[in-house]
Amino acid sequence: MTARAYLPTYGVPSVTHRPTLPPLSNRLSEAPAASVDGEPTHFCGGLVKPTDLSTVFQPIVHLDTGELFAYETLVRCAVPGFAPIRLFERAEAEHSTGRLGRMIREIAVPLCGGTPVFFNLHPTELEDRWLVRPDDPIFSHDHDIYLEITESVPMTHFDLCMSVLREVCGRSGAHLVIDDLGAGYSNLKLIADLEPKVVKLDRALVQDLHRKPRQQTLVRIVVHLCNELGAAVVAEGIETYEEYVAVCDSGAQYGQGHLFARPSFPMPPITWPPPRSLRPWAS
């Protein structure tokens with residue numbers, strides 16, 4: 001298998017040069033608006049404070065050139081035992097995913113000037129309507145915003161969520177992304193219903209893809225379906241050169257994973273061309 005020489009972009013802009021950003025802090029305590037509604041907030045039964053939150057960034061790259069497409073914002077918590085998934089699970093149980101998402105955007109948006117950026121949204125955050133507030137940081141960003149709706153949890157109030165997404169995207173120019181396709185509550189009909197600009201394939205579809213001919217066929221079909229519906233495709237979790245080549249052969253336009261850069265702050269540079277030496281079996 002060989003990497004594709006050209007991949008279409010399906011109308012999605014790219015970033016050739018990213019301006020040098022000042023060494024700002026990635027902690028909420030030093031963000032321009034360090035609390036929401038003027039009130040400091042605790043999560044997870046008081047175990048997690050806003051000052052425990054920070055963000056890191058991981059690049060999403062053009063698979064044919066290695067050029068930057070965008071950065072994804074990922075939250076980190078300084079309290080042991082609160083990995084991002086656990087943090088959002090507890091926030092959902094406390095009906096505070098909207099406030100948590102707002103805090104993450106308050107940290108990240110000031111650090112992303114001149115750069116397209118992806119933000120994860122939990123479906124319950126849409127139900128809380130936090131994003132429609134006119135002072136949300138996404139409305140002040142000076143480049144493209146991509147809002148990721150994870151497919152690994154159910155969207156229980158679909159009509160309400162769609163209404164919020166249409167309002168936010170219409171006012172901010174943000175693009176919709178379906179995240180984690182192939183995990184959890186998989187539903188290909190969402191691609192037709194939500195009309196996303198981008199679809200992200202879950203790591204479960206990418207891992208050892210070069211070793212699984214039947215899975216390669218499945219991924220090619222899914223990529224083709226997404227493209228036919230007007231969505232570009234990002235393959236998540238690319239960790240080896242062989243996975244990279246297999247993903248390129250599937251027709252996916254963009255990639256993300258440790259092979260190109262690990263999540264970090266400041267925004268990490270892209271390793272290109274993808275190094276063969278990262279293969280765990282390399283000599």
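- Not counting sequence neighbours, the partners of Asp136 by the salt bridge (charged side-chain N to carboxylate O under 4.0 Å, His left out) test are Arg105.
- With sequence neighbours excluded, the residues forming a side-chain contact (heavy atoms from CB on, under 4.5 Å) with Ala108 are Thr55, Phe57, Thr73, Phe119, listed by chain and number.
- Between the side chains of Lys212 and Gln207, no donor-acceptor pair of N or O atoms lies under 3.5 Å.
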Glu236 vs Arg203, test: salt bridge (Lys or Arg N to Asp or Glu O under 4.0 Å). Steps then yes/no.
CA-CA 5 Å; Glu236 295 185 289; Arg203 164 69 180 160; over 6 Å; no

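- Legend: residues meeting side-chain hydrogen bond (donor to acceptor under 3.5 Å, both in side chains) with Asn120, ordered by chain and number and at least two apart, are Glu72.
- Note that OG1 of Thr97 and CZ of Arg102 are 14.0 Å apart. Values are rounded to the nearest 0.5 Å.
- Among residues two or more places apart in sequence or in another chain, the salt bridge (charged side-chain N to carboxylate O under 4.0 Å, His left out) test is passed with Arg76 by none.
- Among residues two or more places apart in sequence or in another chain, the side-chain hydrogen bond (donor to acceptor under 3.5 Å, both in side chains) test is passed with Glu195 by none.
- In this view, Arg220 and Thr217 satisfy the side-chain hydrogen bond (donor to acceptor under 3.5 Å, both in side chains) rule, not counting sequence neighbours.
- Looking at heavy atoms from C-beta onward, Leu74 lies out of side-chain contact with Pro84 at the 4.5 angstrom threshold.
- With values rounded to the nearest 0.5 angstrom, Ile149 atom CD1 is found 4.5 Å from Leu121 atom CG.
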Go through the steps to decide whether Gln253 and Asp64 satisfy the test side chain to side chain donor-acceptor pair (under 3.5 Å), and finish with yes or no.
CA-CA 8 Å; Gln253 290 78 43; Asp64 56 338; over 6 Å; no

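- With sequence neighbours excluded, the residues forming a side-chain contact (heavy atoms from CB on, under 4.5 Å) with Ala261 are Pro59, Pro268, listed by chain and number.
- Remark: Arg166 engages no residue in a salt bridge (charged side-chain N to carboxylate O under 4.0 Å, His left out) (not counting sequence neighbours).
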Run the side-chain contact (heavy atoms from CB on, under 4.5 Å) check on Ile104 and Leu100 step by step: do they pass?
CA-CA 6 Å; Ile104 293 167; Leu100 175 59; 4.2 Å; yes

Before giving the answer on ring-ring contact (aromatic ring centres under 6.0 Å, His included), spell out for Tyr71 and Tyr146 the whole-Å C-alpha distance, their side-chain angles and the decisive distance to 0.1 Å.
CA-CA 10 Å; Tyr71 278 94; Tyr146 294 84; over 10 Å; no

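- For the side-chain hydrogen bond (donor to acceptor under 3.5 Å, both in side chains) test, no residue two or more places apart in sequence or in another chain qualifies with Gln215.
- For residues 259-274, the set of pairs meeting the side-chain hydrogen bond (donor to acceptor under 3.5 Å, both in side chains) definition, not counting sequence neighbours, comprises His258-Arg262.
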